[in-house]
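So the structure is just underneath, and the comments pick up after that.
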Amino acid sequence: MGLIFDKEKCTGCGSCEPACPSGLISIVDDKAKIKVEGCNLCGACQDACTYEAIRIEKEIAQVLASDEYHGVWVFAEQRSGDIKM
């Protein structure tokens, strides 16, 4: 899980560099260099990469079936049929 970078697909176009909000990507020797430390896996670089050289894989949480929930109480305040946030 995490950030997966395929150097073979990277063309060094630089579209991922300005997309990273943390400034963790730079172009070195015509390839993207990504500092993994500090990456929050936001996916901005993946969206910017038109060559699909950057992928973000996140673990998908297991969803329990509704009949597996027991003893759960939900409280919500409502006024005139609207739930107050």
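Numbering of residues begins at 1 and proceeds along the displayed sequence. Note: hydrogens, waters and symmetry copies are ignored here, and every other heavy atom, side chains too, is used.
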With a cut-off of 3.5 Å and sequence neighbours excluded, list every side-chain donor-acceptor pair involving residues 52-60.
residue, atom, partner, partner atom, Å
Arg55, NH2, Glu57, OE2, 3.1
Lys58, NZ, Leu41, O, 3.1

Just how far is it from atom CD1 of Ile25 to atom SG of Cys49, taken to the nearest 0.5 Å? 9.0 Å

Atom pair CD1/SG of Ile34 and Cys16 - distance to nearest 0.5 Å: 6.0 Å

Might you work through the side-chain contact (heavy atoms from CB on, under 4.5 Å) test for Leu24 and Cys45, ending with a clear yes or no? CA-CA 10 Å; Leu24 300 174; Cys45 57; over 6 Å; no

Check for a donor-acceptor pair, side chain of Asp29 on one end and backbone N or O of Lys31 on the other, with a separation under 3.5 Å. no

Give the minimum heavy-atom separation between Gly38 and Ser22, together with the two atoms involved. O-OG, 4.4 Å

Which heavy atom of Ile27 sits nearest to which heavy atom of Glu17, and what is that distance? CG1-OE1, 3.6 Å

Donor-acceptor list for residues 7-15 side chains, cut-off 3.5 Å, not counting sequence neighbours:
residue, atom, partner, partner atom, Å
Ser15, OG, Ala48, O, 3.0

